[in-house]
Undergrad: 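I have a structure here, written as structure tokens, and I will follow up with some questions on it.
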Amino acid sequence: MATDTQPTTGEPTTGPDITTGMDLLRFATAGSVDDGKSTLIGRLLYDSKSIFEDQLEAVESTSQSKGHEYTDLSLLTDGLRSEREQGITIDVAYRYFATPNRKFIIADTPGHVQYTRNMVTGASTADLGLVLVDARNGLTEQSRRHAVLLSLLRVPHLVLCINKMDLVDYSEETYNRIHQEFTQFATKLNIPDLEVIPISALQGDNVVERSQNMPWYSGPTLIHHLEHIHVASDRDLIDARFPVQYVVRPKSDDFHDYRGYAGQVAGGVFKPGDEVVVLPSGMTSTIAGIDLFDEEVAEAFPPMSVTIRLADDVDVSRGDMIARVKNAPEPVQDIDAMVSWMTTKPLQPRQKLAIKHTTRTGRALVKDIQYRLDVNTLHRDQDATELGLNEIGRVQLRTTVPLLADPYSKNRTTGSFILIDEATGVTVGAGMING
Amino acid sequence: MTATHADYRLSQLDQLEAESIHIFREVAAEFEKPVLMFSGGKDSIVMMRLAEKAFYPAKIPFPVLQVDTGFDFPEVLATRDNWVNRLGVKLIVASVEQAIKDGVVVDDGKTPRNRLQIGTLLNALEEGGFTAAFGGGRRDEEKARAKERVFSHRDEFGQWDPKNQRPELWSLYNGRLHEGEHMRIFPISNWTELDIWDYIGREAIEIPSIYYSHQRRVFQRDGMWLSETPHNPLREGEVVEERTVRFRTVGDMTLTGCVESTASTVPEIIDEVAAARVTERGATRGDDRFSEAAMEDRKKEGYF
């Protein structure tokens with residue numbers, strides 16, 4: 001297949017690809033202004049030259065007009081007027097910066113308990129979670145909650161930054177104490193990879209530059225860690241999963257019989273010649289070809305968006321899933337999941353909601369609330385009869401359509417769903433399937 | 001495809017492309033009447049390219065809508081026509097001039113065209129019965145945009161309610177609407193200005209020539225170089241001179257400034273962007289300068 005790409009107005013590029021070869025790390029930060037989170041983000045952005053002069057000038061002039069003696073870097077991240085007025089971060093804000101090796105997307109989320117849903121949102125796409133504690137205060141209820149949420153959302157890597165080390169005389173003992181306390185707490189959680197870094201966001205110690213004040217610390221600086229952590233291996237490359245999004249049928253003279261199934265690979269590796277099964281029908285076929293625009297590719301793996309052609313004329317439509325014959329999820333209608341509730345009207349048994357799972361939409365009935373999880377203490381309240389705003393609990397659902405699902409612990413794409421209020425159309429819950 | 005398959009890694013640009021294509025397909029599958037808002041700027045051209053890829057070898061299954069301010073650069077309109085013709089996609093032009101004549105918006109002689117675009121656009125969306133409108137907004141552009149969802153809900157007045165946005169998790173987008181409401185869709189939310197340029201270079205796609213260095217008759221106003229045009233009479237003390245310039249954004253000719261530059265190729269522009277110390281909007285967009293919350297206010301009213 002050939003393209004008829006137009007000649008460019010400019011010169012064809014043969015120059016340096018600044019971002020092409022780089023890879024991507026998405027990380028979520030949680031914390032309040034008090035922990036120095038905004039200062040830390042400000043420093044990462046500033047030291048990587050991602051803050052521009054006009055942005056800095058705007059922040060400086062606002063800081064002055066508010067009577068601050070320092071440049072309030074939180075003004076950079078608090079984008080909405082109501083947030084600036086109240087001096088707090090309400091919503092998830094996305095920030096971007098790059099070093100020569102990597103591009104970073106920060107989901108900057110508020111830390112207070114009333115914004116748990118925003119933290120869950122930010123963590124849902126993160127490869128790494130960054131929790132900040134104030135060295136003077138040690139672990140707080142808030143920092144424990146952040147770790148619990150990151151663990152619940154299966155964010156595979158966690159960095160605990162012990163900030164404001166300058167205010168505790170760069171004490172190794174303080175670092176060791178908090179490190180130990182956190183490690184002990186983390187045994188109750190699912191945190192496959194943990195790094196604990198002593199920093200001073202304000203002074204810059206161990207953020208980008210190695211600190212001269214903490215010779216006892218031999219670990220990486222924060223930026224070095226963020227740049228080098230290996231995230232590609234976090235994806236499931238074994239269990240092939242392809243939720244069908246859209247059927248491509250050109251019906252044109254050149255592509256008269258073309259029929260392709262477009263989607264984004266959610267797991268595993270697909271190759272032409274693979275024997276596959278289409279769910280939920282159970283029909284089998286062979287992959288005839290995998291198209292990426294006008295090219296045929298030899299393999300498709302997550303998170304590639306491709307179009308798969310099958311050798312046989314089987315009935316496939318949006319919401320179906322293509323998987324391997326000997327490795328396919330069982331269609332399920334009884335769902336056991338951890339649900340994060342995101343609206344003021346509580347979640348209750350007998351409630352009916354719309355559910356969206358991969359490219360499938362159906363309805364769900366709340367059968368039972370098994371317990372409510374206290375995200376500060378991990379206590380399970382078995383007597384809970386409902387889930388309020390920002391609460392998380394274990395819930396049983398029955399769906400009208402079978403979901404082609406995996407446990408969330410195995411696959412964050414095929415293991416997650418959202419719940420939608422059918423009257424308002426608003427997203428009211430986020431679910432992670434147990435198993 | 002520049003991915004190295006050996007270790008099953010995708011470069012960040014390929015990841016961004018895959019995410020954007022996923023979003024285009026979700027919208028085409030879930031919405032009855034999507035439309036792609038095309039400004040002629042580099043971001044909306046990247047959007048056209050992504051839409052082309054998302055549905056290939058089929059044609060893009062929705063029309064393209066452009067709001068003609070009457071003050072658009074001719075080079076931009078030429079590029080628009082080339083793209084639309086090559087892709088064989090339907091073009092709808094909503095004209096601000098026409099909207100003024102029809103009384104849809106009021107030109108008081110002071111309101112910039114960019115502002116009048118809002119009413120014109122909302123009217124065109126309503127007339128066309130469009131339920132989803134793709135926009136080229138990026139979160140790195142401006143701090144109000146940093147908090148905008150990929151699927152951004154608009155009420156029946158076309159307004160955005162920043163305090164009451166739907167949570168957006170994983171890659172699960174919620175496209176539920178009530179009668180009269182619509183959704184703005186931002187498939188390139190996670191792209192930065194540098195990513196856009198890198199992609200334009202990699203894909204070797206046509207963008208308006210005014211992005212590249214050229215000679216232009218310009219004058220200085222509010223610290224910006226503006227084009228000499230009959231639409232924008234000179235004020236006292238302003239002098240026209242010829243300079244070697246290029247544009248970092250394209251928009252209303254009377255408000256969009258250019259910067260002095262000799263960058264005439266994509267790699268040269270990338271070098272310039274990488275070294276730039278002022279945001280593209282801060283440098284060259286008069287319409288964002290009115291107040292710290294200028295963009296937030298325009299967005300609430302229904303701006304792109």
Side-chain angles (χ1 to χ4, degrees), chain A residues 5-6 8-13 15-24 52-55 58 79-82 91 93-96 103 105 117 121 124-125 232 237 245-246 248-250 255 258 262 264 292-295 297 299 301 303-305 318 342 356 413 416 418 420 425-427 430, chain B residues 1-2 5 7-13 15 18 21-22 25-26 28-29 53 55-58 82 86 139-140 143-144 146-147 162-163 165-172 174 176-178 190 192 194-195 198 201-202 204-207 209 212 265-267 270 274 277-279 282 292-293 296:
Chain A
T5 309
Q6 285 282 112
T8 53
T9 311
E11 301 296 314
T13 168
D17 282 342
I18 289 194
T19 58
T20 303
M22 295 184 346
D23 72 356
L24 182 64
F52 295 100
E53 273 168 15
D54 55 329
Q55 290 173 313
L80 303 175
R81 184 180 286 160
S82 50
D91 209 337
Y94 294 90
R95 309 273 152 212
Y96 304 84
K103 176 178 163 176
I105 301 179
R117 66 171 196 160
T121 301
S124 73
T125 50
L237 291 171
Q245 255 193 303
Y246 188 86
V248 179
R249 294 204 65 186
F255 297 95
Y258 188 97
Q264 187 166 23
L292 185 83
F293 187 37
D294 58 351
E295 260 177 68
V297 292
E299 294 176 305
F301 52 90
M304 286 170 72
S305 279
R318 174 174 170 84
M342 305 185 153
K356 187 173 181 185
T413 307
S416 56
I418 55 170
I420 299 164
V426 171
T427 306
Chain B
M1 192 67 206
T2 52
H5 290 228
D7 55 356
Y8 297 110
R9 273 177 48 197
L10 278 192
S11 74
Q12 71 103 8
L13 206 53
Q15 287 192 48
I21 287 174
H22 172 81
R25 289 168 173 171
E26 277 302 281
K53 289 193 171 191
F55 305 103
Y56 188 88
N82 288 342
R86 185 172 72 77
R139 287 174 179 152
D140 80 322
K143 56 188 171 183
K147 306 209 164 176
K163 277 196 255 183
Q165 300 191 79
R166 294 176 178 177
E168 199 164 71
L169 299 104
W170 299 289
S171 50
L172 291 169
N174 174 2
R176 297 269 167 148
L177 290 176
H178 288 112
N190 285 326
T192 63
L194 215 49
D195 297 328
D198 228 345
R202 185 182 94 173
I205 47 179
E206 181 191 347
I207 57 168
S209 56
Y212 301 103
T265 63
V266 171
I270 288 174
R277 297 301 297 142
V278 180
T279 60
E292 195 187 14
E296 185 178 341

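Chain letters run A, B, ... following the sequence lines, proteins first and then strands; every chain starts at 1.
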Undergrad: Of the backbone (N, CA, C, O) and the side chain (C-beta and beyond), which part of B/Arg25 lies under 4.5 Å from a heavy atom of chain A, both, or neither?
TA: both
Undergrad: Is it the side chain or the backbone of B/His178 that comes within 4.5 Å of chain A heavy atoms, both, or neither?
TA: side chain
Undergrad: Below 4.5 Å, heavy-atom pairs only: which of A/Ile105, A/Leu237, A/Ile420 has the largest tally toward chain B?
TA: A/Ile420
Undergrad: List the steps, then state whether side chain to side chain donor-acceptor pair (under 3.5 Å) holds for B/Gln12 with B/Asp195.
TA: CA-CA 9 Å; B/Gln12 71 103 8; B/Asp195 297 328; 2.8 Å; yes
Undergrad: Where is the tightest heavy-atom contact between A/Tyr246 and B/Ala28, given as atom of each residue plus distance?
TA: CE1-CB, 3.6 Å
Undergrad: Can you measure from CD (B/Glu26) to NZ (A/Lys356) and round to the nearest 0.5 angstrom?
TA: 4.0 Å
Undergrad: Let's test your reading of the structure: which of A/Ala262, A/Ala430, A/Ser416 forms the most heavy-atom pairs below 4.5 Å with chain B?
TA: A/Ser416
Undergrad: Roughly how far apart are A/Arg318 CZ and A/Gln245 CD, rounded to 0.5 Å?
TA: 6.0 Å
Undergrad: Counting only heavy atoms closer than 4.5 Å, note whether A/Ile418 contacts chain B via side chain, backbone, both or neither.
TA: both
Undergrad: If you define the side chain from C-beta out and look only at heavy atoms, does anything of A/Val248 sit under 4.5 Å from B/Tyr56?
TA: no
